[in-house]
**Q** 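Here it is, the structure, as structure tokens.
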Amino acid sequence: MNKTIIVSNRLPVSLQLKSGKFEFKASAGGLATGLGSIYKQGENLWIGWPGNAVEDRQQQVEVADELKKLKMAPVFLSKEDIELYYEGFSNETIWPAFHYFTQYINYEDAYWEAYCAVNKKFCDAILAVAEPTDTIWVHDYQLLLLPMMLREALPDATIAFFQHIPFPSYEIIRMLPWRKQLLEGMVGADLIGFHTYDDMRHFLSAVGRILGLSNESGYIQADHRLVNVDSFPMGIDYDKFAQAALSKKTLSKKKKFKDQLGDQKLLITIDRLDYSKGIPQRIRAFDKLLEEREDFHGKVSMIMVVVPSRAKVQSYMKLKKEIDTLVGRINSKYSTLNWVPIHYFYRGFPFEELSAFYSMSDIALVTPLRDGMNLVCKEFVASKTDQDGVLILSEMAGASKELVDAILVNPNDILAVKQAIIDALTMEEAERKSRIGSMQASLRRYDIFQWVDVFMDRLTHVKQKQQEFQSKAIDKPLIEEMVGRFRNAKRPIVFLDYDGTLVGFKTNPGDAYPDQELLQIVDKLASKCEVVLISGRDKETLGKWFEKQRVEMIAEHGVWLKKSDQEDWELYANVDDGWKEDIRQVMEYYVLRTPGAFIEEKHHSLVWHYRKVESGLGDLRMRELFSHLKYMASGHNLQVLEGNMVLEIKRPDINKGRAATAFMRGTAYDFILALGDDWTDEDTFKAMPKDSYTIRVGYDYTQANYNIKNPTEVRKLLSLMVS
Ligand code: GDG
């Protein structure tokens, strides 16, 4: 029976040594609750660091035994591991880089080495309990190398990865000396999840540029494996917050706090101490408000909870000092005997008090400079059971993509944040209720349990998709069967596409000429069967490259035909190219705007090439041109097709499939093989009789019966047929 293993840096418990005995306190966090539905079942378990340095062997055994009862297994980290891997590489290298705080990145080789070693420690701990086909779900930025380490040891396992923090733009990730290894580590997973579409987009772009792996709709082809990248915005345990807000304990806390504060409009802010959370900027905005609007003095105050974190890191110590100074300055400037503008707490609170803070506050001010998701804003919304409250939310938090009914602000724009507070304080009740109501509806639906279900469903889907491909991958028995049938055939025929099938792609299309090895293979093949080169290339190029080979040639997707025993090309389809002038003008406009792009003119089509264009820009322009051409195509009865770094517009009735069918008409072939690599070859595959062998190069979805890896494998296959 396969089991599921959850892996994260920290286990969802904290370990305390009280009078010589270990005690565990379960984490009440949303993620721990959501994943509870997984790790608490059957043989499943959660592996991670219990949170303390336990170096004594005997104590480690004791801790492991206790954790086992909770369905958890420990990875023990030494003091040095914690310092170099956790505080070091994770929190002083990855954290600042991924949150765009490049000035805080610490580039330390010792940190990197520890990061690799500790990822390996996690891997070993998992391998000690995992079976080859288990499911392993790895969480977050401390373990970016782990998916590939696991993949190498357990090639058939189902491995998922979710990143809770942002994934930055390529411009940032490229700064890290270890960028390649980090990305390679991640693509060991079958499914890679982020909170937002932007994170996913950044990741795909980095994988494209740094690892050279392109993607189609979020699917990366890594080696033989299909890897899916997608966004899964994480939710909260909605009911827990909604119910807690109405619980006796919360209500009594709320009453107590309210009595102490008197009649005030309350702004709540809750964060871990972190420079990514924008705490000083937020205090400055509040300062600005008090400076400008005396009418709010005595009537508005801010409850600011800052939960201590990473206290040993220099940048955090500096931040703490800055916050202390700012709060001190404002409070000393404006306080009266019965009013304090900022109630500042540098500590955590028990859940009921947190719930009371949320539900008694009128406004939540959640203004991180950068945040993967941010759960505090969601918890505030869920806690407003009277539907009366206003959320001010930073555009830089992942949550802003979902909570569009919040007042969205740029956290760096202090005047805009100040104005947002004024707007929130003066918002009409009906509007407050309508905004909170709609956010609640969405958060209630997409809660943490739904998030876990959707993620796991997607993982199953990816595995199924991989299997479909795998079952199509050409294998040894099939090759043997094919070669056998080929040798016994009396009238065999082989259709071969050229670019991407017999040769790889070159930046300059003219450089992809056939090499000696290929010419020899084609020669041999032509001595044993009819060989039809069926390509989109122009007849001049194709004719020149294969002038000495005894092959049939179909050029420009079926416009031209040259039989091996003829000197000249014959027109194989009727071509009317009166449409070209209009279309060429449009394409030229896109060439002018896109350095590197160029137009290729064929007899029946126009092709816009962008393989030399800066990556990203090429795709962008191609999409624009695509919709422009689509619009024009309908008037001219033309077809617009997306190829490998090209966009082609042509007459729909001319295609390789039609040409191949016409070619075979009247002859009874008893062995048919067609090889091709892109959408133009799909027409050939579709046109082939049932018992033909149709093979697509690369692992894209195809109408062909089989897939083969690349042109090298194609050459091997053809050589085998003729050896
Ligand atoms: C990372 C990403 C992403 C806070 N103070 C108290 C307290 N909390 C709880 C909150 C909330 C959690 O801590 C904070 O979660 P966030 O999401 O806001 O931030 P990170 O810890 O940085 O989390 C983040 C998240 O992962 C999930 O993927 O959203 O972007 O950075 O749940 O309620 N809880 C209690 N007392 C406190 O004083 N009991």
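Just follow the structure's listing: the first ligand is 1, and inside any ligand the first atom is 1. All values below were derived from every heavy atom in this structure, side-chain atoms included, with hydrogens, water molecules and symmetry-related copies excluded. The structure presented is a predicted model; accordingly, all values stated were derived computationally and were not measured.
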**Q** Can you give the donor-acceptor pairs under 3.5 Å from side chains of residues 340-354 to other protein atoms, not counting sequence neighbours?
**A**
residue: Tyr344; atom: OH; partner: Asp324; partner atom: OD1; Å: 2.7
residue: Glu353; atom: OE2; partner: Lys253; partner atom: NZ; Å: 3.2

**Q** Give the protein residues with at least one non-hydrogen atom closer than 4.0 Å to an atom of ligand 1, ordered by chain and number.
**A**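 Lining ligand 1 at under 4.0 Å, by heavy atoms, one finds Trp95, His164, His195, Met234, Ile270, Arg272, Lys277, Val307, Gly348, Phe349, Leu354, Tyr358, Asp371, Gly372, Met373, Asn374, Leu375, Val376, Glu379.
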
**Q** Run the side-chain donor-acceptor check on residues 26-39: report pairs under 3.5 Å with partners two or more places apart or on a different chain.
**A**
residue: Ser27; atom: OG; partner: Gly29; partner atom: N; Å: 3.0
residue: Thr33; atom: OG1; partner: Gly29; partner atom: O; Å: 2.9
residue: Ser37; atom: OG; partner: Gly34; partner atom: O; Å: 2.8

**Q** Please confirm whether the ring centroid of Tyr141 lies under 6.0 Å from the ring centroid of Phe98.
**A**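 No, the ring centres sit 6.0 Å or more apart.
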
**Q** Applying side-chain hydrogen bond (donor to acceptor under 3.5 Å, both in side chains), name anything that partners Arg284, two or more places apart in sequence or on another chain.
**A**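 With sequence neighbours excluded, Arg284 shows a side-chain hydrogen bond (donor to acceptor under 3.5 Å, both in side chains) to Glu322, given in chain and number order.
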
**Q** If we only count heavy atoms from C-beta on, is the Phe101 to Trp95 side-chain gap below 4.5 Å?
**A**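 Phe101 vs Trp95: side chains apart.
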
**Q** Just to verify, which of Asn44, Asp134, Thr135 counts as forming a side chain to side chain donor-acceptor pair (under 3.5 Å) with Lys3?
**A**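 The passing option is Asp134.
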
